[in-house]
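Notes to accompany the following structure.
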Amino acid sequence: MRALYPGSFDPLTLGHLDLIERAARLFDGVIVAVLQNPGKTPAFSLEQRLQQIRRATHHLQGVEVGSFDGLTVEFARRSGAGVILRGLRAMSDFEFELQIAHTNHSLAPGVETLFLATAVRHSFLSSSVVKEVARFGGEVGHLVPPGVAEDLARLFNRCDTPRGING
Ligand code: ADP
């Protein structure tokens, strides 16, 4: 059975990566797919996010990386995935994820949603928190893969160029 792990991955964190590694041991194949959501303005371009995921997962067998727009269940069907995989960090994730899972099941009863509990050490971790820490110059090396840490440094160095008193 192949599983689809969809998300924004803006950027990929070690929490996402831990989930991908565990899923790769459970399924014949895992498709990590970046959702192109027109309602969100990402910090990283689609190409950057795909590259971040490819670099971080190249050592894993059976992991493919892609992107999609539109309905997740449609992409699952097209790519031959019988399972949509989502991570649960805390109760706060649960209500929203349950709603999406029920909606997806009503649209495509043949596609199941499976939740994996986040590793405890990554349960506080989100892409937003990582961006917030990096924006203010904090250390993120223990939160994201090395390539992502470099991308974050580049992103915020460029944006935070100190301005003179008059400018
Ligand atoms: P989305 O916008 O679809 O929620 P995210 O990139 O934030 O995209 O998350 C994608 C998936 O990864 C979701 O299922 C989310 O619960 C899970 N996830 C987010 N952070 C972590 C983490 N620290 N550990 C494991 N899974 C996570």
Side-chain angles (χ1 to χ4, degrees), residues 1-27 29-57 60 63-76 78-79 81-105 107-108 111-135 138-149 151-152 155:
M1 168 101 54
R2 277 150 67 84
L4 169 65
Y5 182 36
S8 308
F9 306 111
D10 185 39
L12 182 79
T13 69
L14 290 182
H16 294 132
L17 187 57
D18 173 67
L19 212 97
I20 296 167
E21 286 170 347
R22 287 157 61 205
R25 291 197 290 270
L26 292 172
F27 295 96
V30 178
I31 306 155
V32 184
V34 179
L35 169 63
Q36 295 177 263
N37 185 344
K40 285 188 182 177
T41 308
F44 293 102
S45 70
L46 174 64
E47 204 37 61
Q48 282 176 307
R49 286 178 283 161
L50 289 172
Q51 199 189 40
Q52 288 167 356
I53 301 169
R54 280 194 203 109
R55 278 196 291 190
T57 60
L60 296 173
V63 174
E64 293 165 42
V65 183
S67 66
F68 70 105
D69 53 15
L71 291 175
T72 304
V73 286
E74 282 306 322
F75 184 70
R78 279 207 306 278
S79 49
V83 161
I84 295 171
L85 201 62
R86 297 285 291 176
L88 283 182
R89 283 164 292 190
M91 278 305 287
S92 49
D93 281 341
F94 183 73
E95 204 170 327
F96 175 71
E97 292 294 342
L98 190 65
Q99 190 183 12
I100 300 291
H102 284 320
T103 306
N104 284 339
H105 198 256
L107 293 168
V111 180
E112 296 290 350
T113 298
L114 280 186
F115 298 107
L116 277 184
T118 298
V120 172
R121 67 186 181 287
H122 298 314
S123 60
F124 66 96
L125 198 48
S126 71
S127 298
S128 314
V129 162
V130 163
K131 281 181 283 195
E132 210 55 19
V133 173
R135 181 189 308 277
E139 175 58 46
V140 291
H142 59 305
L143 307 178
V144 294
V148 175
D151 286 351
L152 282 163
L155 178 73

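Start at 1 and go down the list; that is how both ligands and their atoms are numbered. The chain is numbered in sequence order, starting from 1.
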Do other residues, nucleotides or ligands put more than 12 heavy atoms under 6.0 Å from the CZ atom of Phe124?
-> yes
Of Leu114, Ile100, Val73, the residue whose pairing with Ile84 passes side-chain contact (heavy atoms from CB on, under 4.5 Å) = Val73
The protein residues that pass the under-4.0 Å heavy-atom test against ligand 1 are Tyr5, Pro6, Gly7, Ser8, Phe9, Gly15, His16, Leu19, Lys40, Arg86, Gly87, Arg89, Thr118, His122, Leu125
Do we see a donor-acceptor contact under 3.5 Å between the side chains of Asp151 and Gln48?
-> no
By side chain to side chain contact (heavy atoms under 4.5 Å, CB included), Thr103 pairs with (sequence neighbours left out) Leu107
With sequence neighbours left out, the residues meeting ring pair (Phe, Tyr, Trp, His ring centres under 6.0 Å) with Phe27 are none
List for me each residue that meets side chain to side chain contact (heavy atoms under 4.5 Å, CB included) alongside Thr118, sequence neighbours excluded, and say none if there are none.
-> Arg89, His122, Ser123
